[in-house]
Amino acid sequence: MLASKDLIKEDIESININSPDWENYVPRHSGYIPEYEAMEHLAEDKIGRLIGFHVSEVERYCAEKHFDLAFLYLVSIYQACMEAELDDEYDTLGDVTHTMLRQLEDHLQACISLFKAINLSEDQLFTVASVLFDHGQKYYADDPEFLTFFEMYLFSVISSGAKATIVLDIIHEKKAAKAIPWLVSELHRKTGGQQAWEQSARQLFKKDKGVAISLLEFYRTGNKPEFVRIAGELWHNGLFRDEFASLYFETMDPADDPGLYREVTICLNDMKFSERYYRVLQALMGTGDRLSYIEKFKRDPPAYVRALSLEGKYTEALKYADQHTNRWNIVEIFTPCIQAEPKAALDLLDRKIGELLEDERGRNFYGRIALVLKLAADIPAIQADVKKLTIRIYSGFARLSALRDELRTAGLVKK
């Protein structure tokens, strides 16, 4: 393994990233491609071709039924990628090691079906698993990603409960269960079915996102109290919050755990303000807490204006809209204002459009003006006023042909 690793490493380090092969460059997509992007593609292709060559050696070993050698050679490729140092004078790839491992993973994905078809003997499996865990402990004791890189490929060759038991015994002997929780839980499924998997997953779900989501999905429809309990444990330990917050919100009801549901909703609303989330918070938070909470959205004027409108603070909302409207946020800021206080909002919109058109130009800006006027025109109470405003803009800025075109395209002015 070490000899193979040295040869592969030498092979990888022979790659010349700094001299792109422009004569044989084939663009990955049409349109303009900056030189730095083209250089990155060429470098990735060089690395990909070389790693692909060595992965073909893995396939050759499999074809010759030397399955143990196939997996050990695979470890050699990984270690060569980790140790290889490429001269990247122009920082074309950034993290070269990451690029090499990603290329290795891409090639190995195509091998999964081959691995599943392998009839690995128990002796070969024992050799592969023993060496893999020994190698990890000897060379990658401080790198948890070594074993997780290989767990899917190792699992793909385990076709029976007896073989799963062999690997579980080795994992237990090496005290490696915490390093590969997903593999351990799936091996228990192989040995003892769903019940054994559940018992294992309940012990390991805090260690791995994959195990956690599998356990949550398992309880989602059949055992909601357990879903809530597992969700609470993960949440209060600060685990996978951003990844699972939407699942908690959609699966649970506020009555299941009001405190947890409130925290989950706040988390989601902080990521992207939503009227749907805020309506929930209005039921779970007192007025004082909510008004303190929305102060954080002052850095996001459209969100802050919407929150003020939902709280019935229309005067404050319009004042903030007046101070913070620009060409980019005019639609998002004025939508809640128009819905809440149509006449006052339209008066302000009239003035803001005039102010912005003094300095701002561009079809994308004109398109936003047309869109916000279109939204306003859908409000019965101000339809007539919107029509008058549109005609005034259309006539008053006759020199801005693109603006007039956008107003006609939106159906606000007859063509």
Side-chain angles (χ1 to χ4, degrees), residues 1-62 69-112 114-115 131-154 179-180 182 208-210 242-243:
M1 286 172 62
L2 294 176
S4 296
K5 179 264 297 182
D6 289 339
L7 290 173
I8 300 167
K9 176 174 176 284
E10 183 179 350
D11 214 5
I12 292 173
E13 290 178 339
S14 70
I15 296 174
N16 188 346
I17 294 177
N18 302 320
S19 298
D21 183 11
W22 293 114
E23 290 185 4
N24 296 310
Y25 173 60
V26 178
R28 294 187 183 180
H29 57 81
S30 60
Y32 173 71
I33 300 178
E35 182 176 330
Y36 73 87
E37 184 178 328
M39 289 183 65
E40 181 182 357
H41 294 166
L42 282 165
E44 289 176 345
D45 290 344
K46 283 184 179 181
I47 292 172
R49 283 193 296 271
L50 192 144
I51 289 178
F53 168 79
H54 287 287
V55 170
S56 69
E57 283 294 286
V58 174
E59 296 171 339
R60 182 179 66 81
Y61 279 127
C62 289
L69 296 181
F71 273 84
L72 300 183
Y73 194 79
L74 176 54
V75 177
S76 299
I77 302 174
Y78 177 93
Q79 195 165 1
C81 291
M82 290 295 292
E83 295 182 12
E85 296 182 4
L86 275 71
D87 180 16
D88 190 2
E89 180 180 354
Y90 306 107
D91 197 28
T92 301
L93 293 172
D95 189 338
V96 178
T97 301
H98 175 76
T99 298
M100 290 187 287
L101 292 179
R102 191 181 72 245
Q103 291 284 348
L104 178 57
E105 280 188 302
D106 289 345
H107 283 288
L108 289 175
Q109 285 301 310
C111 294
I112 289 289
L114 174 63
F115 294 155
V131 174
L132 181 64
F133 287 104
D134 284 342
H135 206 70
Q137 290 180 343
K138 183 174 183 179
Y139 294 100
Y140 298 96
D142 297 326
D143 181 7
E145 295 183 4
F146 173 79
L147 289 176
T148 56
F149 183 90
F150 292 101
E151 62 180 349
M152 175 62 73
Y153 309 115
L154 181 59
I180 43 170
W182 177 85
D208 182 83
K209 184 170 66 175
D242 291 350
E243 298 93 325

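Because the structure is predicted, anything quoted here is derived from the model rather than measured.
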* Taking Ile77 as the fixed residue, which of Ile8, Leu108, Leu101 is the one that meets the side-chain contact (heavy atoms from CB on, under 4.5 Å) rule? -> Ile8

* Check: Ser76 side chain, Met1 main-chain N or O, donor-acceptor pair, under 3.5 Å -> yes

* Asked: Are there more than 12 heavy atoms of other residues, nucleotides or ligands under 6.0 Å from atom NZ of Lys46?
  -> yes

* Pairwise distance CZ(Arg49) to NE2(His54) - rounded to 0.5 angstrom -> 13.5 Å

* Asked: Once you round to the nearest 0.5 Å, how far does CG of Leu74 lie from OH of Tyr61?
  -> 12.0 Å

* Closest approach of Met100 and Leu86, non-hydrogen atoms and distance? -> SD-CD1, 4.2 Å

* Can you check whether Tyr139 and Phe146 have ring centres sitting under 6.0 Å from each other? -> no

* Asked: Closest approach of Ala43 and Ile17, non-hydrogen atoms and distance?
  -> CB-CG2, 3.9 Å

* To do: Verify, without hydrogens or angle tests, whether Glu13 (side chain) and Glu85 (backbone) share a donor-acceptor contact under 3.5 angstrom.
  => yes

* To do: Could you walk me through whether Cys111 and Val55 pass side-chain contact (heavy atoms from CB on, under 4.5 Å), step by step?
  => CA-CA 9 Å; Cys111 294; Val55 170; 3.8 Å; yes

* Can you tell me if Asn18 uses its side chain to pair, donor with acceptor, with the backbone of Asp87 under 3.5 Å? -> yes

* Decide if atom CD of Glu10 counts as having more than 12 heavy atoms of other residues, nucleotides or ligands within a radius under 6.0 Å. => no

* Taking side chain as C-beta onward, heavy atoms only, is Ile51 less than 4.5 Å from Cys81? -> yes

* **Sidechain-backbone polar pair: His41 side chain, Pro27 backbone, donor-acceptor under 3.5 Å** => no

* Asked: Is the distance between the ring centroids of Tyr36 and Tyr90 under 6.0 Å?
  -> no

* **Heavy atoms from other residues, nucleotides or ligands near CE of Met39 exceed 12 (cutoff 6.0 Å)** => yes

* Asked: Quick check: are there more than 12 heavy atoms from other residues, nucleotides or ligands sitting under 6.0 Å from CD of Glu145?
  -> no

* **Pairwise distance CD(Glu151) to CG(Asp208) - rounded to 0.5 angstrom** => 6.5 Å

* To do: To the nearest 0.5 Å, tell me how far Leu69 CG sits from Glu57 CD.
  => 11.0 Å

* **Sidechain-backbone polar pair: Asp88 side chain, Val96 backbone, donor-acceptor under 3.5 Å** => no

* Asked: Looking at His107 and Gly48, what are the two nearest heavy atoms and their distance?
  -> NE2-O, 2.8 Å

* Shortest non-hydrogen contact between Leu2 and His135, atoms and distance -> CD2-CE1, 4.2 Å

* Any salt bridge between Glu105 and Arg102, counting N to O under 4.0 Å? -> no

* **Euclidean distance, Ile47 CD1 relative to Ile15 CD1, rounded to 0.5 Å** => 5.0 Å

* Asked: Can you find a heavy atom in the side chain of Tyr153 that is under 4.5 Å from one in the side chain of Gln109?
  -> yes

* Structure fact -> One should read off an interatomic distance between Leu42 CG and Tyr25 OH, to the nearest 0.5 angstrom, of 6.5 Å

* Phe150 versus Val75, closest heavy-atom pair with distance -> CZ-CA, 3.8 Å

* Can you tell if the side chain of Phe149 reaches within under 4.5 Å of the side chain of Tyr140, non-hydrogen atoms only? -> no

* Are the aromatic ring centres of Phe71 and Phe115 under 6.0 angstrom apart? -> yes

* Looking at Arg28 and Asp45, does any basic side-chain N land under 4.0 Å from a carboxylate oxygen? -> yes

